[in-house]
Amino acid sequence: MSIEQFDVVDLIHTKRDGGELETNEINWLVDAYTRGYVVPEQMAALSMAIFLNGMGRREIKDLTLAMIASGETMNFSGLGKVTVDKHSTGGVGDKITLPLMPLVAAFGVAVPQLSGRGLGHTGGTLDKLESIPGWRAELTNSQMFAQLRDIGGVICAAGAGLAPADKKLYALRDITGTVEAIPLIASSIMSKKIAEGTDSLVLDVKFGSGAFMKDIDRSRELAQTMVRLGTDAGVNTSALLTDMNVPLGLAIGNANEVRESVEVLSGGGPVDVVELTVALAREMLTLAGQPDADVEAALNDGRAMDVWRRSIIAQGGDPDAELPVSRETHTVRAETTGFVTDIKALPFGIGAWRLGAGRARPDDVVQHAAGIDLHVRPGDYVSVGQALFTLSADEPARFERALESVEGALSIGLEAPAVRPLIAEKIIAE
Ligand code: URA
């Protein structure tokens with residue numbers, strides 16, 4: 001493709017004025033941006049025009065395909081197993097990948113979970129697993145294939161070769177206020193998932209205060225867009241819309257989220273984490289042709305735990321090692337008696353991040369023992385002096401800013417709150 005085939009300023013004008021880009025214009029644009037001919041200022045202007053004016057269905061599909069074409073694609077057909085993957089749009093305390101991968105792999109399907117690190121208040125799966133001494137995220141393609149063949153599941157870092165255009169564009173969106181555009185989020189997520197080559201994909205699309213999409217209507221639109229993109233590309237795709245107003249489970253951080261995941265794999269753990277793990281596993285196994293799989297049994301009888309232990313060992317980790325513990329803790333206690341009426345996800349996510357559990361810049365070092373452990377859930381009745389949550393950090397100086405962020409985020413009242421369903425809707429291909 002000639003690098004001067006189009007004038008990028010014309011394309012910016014088209015989107016700025018509410019027009020549609022043609023397929024060959026989108027192909028050229030993504031290629032020219034990846035190669036550096038279209039400069040970041042121009043792509044930023046275009047992203048903002050897309051943010052403000054949207055994109056049509058055909059344009060979103062073209063953008064996704066162009067981003068896939070910018071890099072390599074993977075192919076698991078040589079494994080002789082059905083492959084099924086899950087992607088979550090991210091939230092506070094979202095450790096579901098950890099128990100889910102071994103649970104689904106226990107049924108003989110292959111689960112390639114190419115994951116990322118956290119940025120900002122939402123945690124990253126790899127950061128959580130790196131709390132396990134020795135565990136390594138970086139695998140070669142052949143190590144990943146061997147693990148999928150021998151153990152059935154792998155959680156590892158996505159290689160830089162998948163959709164490099166997205167990598168570049170996502171970093172730009174992050175610093176130009178253009179992350180929350182449905183066409184850009186959908187094409188970003190789905191380009192990587194389609195390039196990964198999975199047969200089936202279940203999307204966990206979050207809504208609520210701790211999610212990208214604050215309201216359910218926008219999260220439904222995002223889910224429908226992604227399900228359509230996956231289906232059109234031949235990936236069996238469905239989505240669950242799930243509530244992210246309240247943190248998932250009791251642990252928010254890294255090492256504490258691994259501990260909670262191991263509880264789930266031992267047949268225990270918080271009810272909401274178990275509910276979502278089981279629902280996503282059922283959905284994944286249904287797409288993989290096993291709608292009647294007894295998912296709860298595999299959590300309770302140790303089959304999922306067995307896959308977990310083998311996968312941790314295969315990646316150099318010790319599943320029996322002590323997980324890191326912070327040097328300092330600070331517990332917040334109830335000042336009144338009553339029902340816990342709300343625990344807002346976003347302030348608790350920011351609080352854990354300020355304690356050192358997350359990073360503000362890509363090269364920041366995560367403190368694996370830092371985070372927040374909730375001792376109560378909405379609906380619990382508490383008395384004055386009862387422990388509500390504990391902050392953990394290596395440096396006590398971090399407590400003040402973390403406490404500022406969670407100020408008022410846990411409320412206590414006289415009436416029990418209404419119970420909100422965790423799983424609001426299922427979206428399937430039209
Ligand atoms: N995750 C992604 O990979 N891309 C987005 O745009 C948003 C979340």
Side-chain angles (χ1 to χ4, degrees), residues 30 33-34 40 43-44 46-52 54-55 59-61 63-68 70-71 74 85-92 94 96-97 112-128 137 155-196 198 201-208 210-214 218-230 233 235 237 239-242 244 345-346 349 353 358-359 362:
V30 172
Y33 176 58
T34 310
M43 202 60 184
L46 201 86
S47 300
M48 185 56 83
I50 293 170
F51 181 94
L52 296 172
M55 272 185 143
E59 286 179 295
I60 300 175
K61 183 174 170 185
L63 181 58
T64 308
L65 295 178
M67 292 207 289
I68 295 170
S70 72
M74 299 183 75
D85 191 3
K86 183 248 0 175
H87 178 84
S88 159
T89 56
V92 177
D94 185 359
I96 301 293
T97 298
Q113 285 282 176
L114 303 189
S115 303
R117 293 174 201 284
L119 190 62
H121 77 278
T122 55
T125 298
L126 302 181
D127 297 325
K128 299 179 209 284
I155 303 173
C156 62
L162 290 181
D166 170 63
K167 194 163 242 159
K168 201 168 170 187
L169 182 56
Y170 189 66
L172 182 74
R173 287 165 54 212
D174 204 30
I175 56 166
T176 54
T178 52
V179 166
E180 295 89 347
I182 286 178
L184 298 179
I185 300 177
S187 56
S188 164
I189 292 174
M190 293 307 290
S191 60
K192 287 172 287 201
K193 289 291 153 183
I194 297 168
E196 178 195 296
T198 182
L201 172 67
V202 176
L203 299 159
D204 177 3
V205 182
K206 311 266 184 213
F207 61 90
F212 267 131
M213 298 293 159
K214 305 298 173 208
R218 298 250 308 146
S219 90
R220 186 183 302 109
E221 192 186 332
L222 175 63
Q224 285 165 340
T225 307
M226 292 197 290
V227 168
R228 216 181 280 135
L229 283 170
V235 181
T237 311
L240 300 183
L241 301 189
T242 69
M244 188 24 79
L346 184 59
W353 172 44
R359 49 173 78 73

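We're numbering straight along the sequence, starting at 1. Both counts, for ligands and for their atoms, begin at 1 and track the order of listing. Hydrogens, waters and symmetry mates are skipped; everything else that's a heavy atom, side chains included, is used.
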Residues forming a side-chain contact (heavy atoms from CB on, under 4.5 Å) with T34, sequence neighbours excluded: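 side-chain contact (heavy atoms from CB on, under 4.5 Å) list for T34, sorted by chain: V30, S70, A165.
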What residues, two or more places apart in sequence or in another chain, satisfy side-chain contact (heavy atoms from CB on, under 4.5 Å) together with M213?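 Once residues adjacent in sequence are excluded, the partners of M213 under the side-chain contact (heavy atoms from CB on, under 4.5 Å) criterion are I182, I185, R218, S219, L222.
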So, taking the atom named CG in L169 and the one named CG in L184, what distance separates them when rounded to the nearest 0.5 Å?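 Those atoms lie 6.0 Å apart.
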Going from CG on L240 to NZ on K86, what distance comes out if it is rounded to the nearest 0.5 angstrom?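 L240 atom CG to K86 atom NZ measures 10.5 Å (nearest 0.5 Å).
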Suppose we screen for side chain to side chain donor-acceptor pair (under 3.5 Å). Which residues come up paired with Q113, at least two apart in sequence or across chains?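 With sequence neighbours excluded, Q113 shows a side chain to side chain donor-acceptor pair (under 3.5 Å) to D85, given in chain and number order.
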Any side-chain donor paired with an acceptor under 3.5 Å for D166 and S191?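 On atom types as modelled, these side chains do not qualify, holding no pair under 3.5 Å.
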Ligand 1: which residues have a non-hydrogen atom closer than 4.0 Å?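 The answer is Y170, R173, I185, S188, I189, K192, F212, counting any residue whose heavy atom sits under 4.0 Å from ligand 1.
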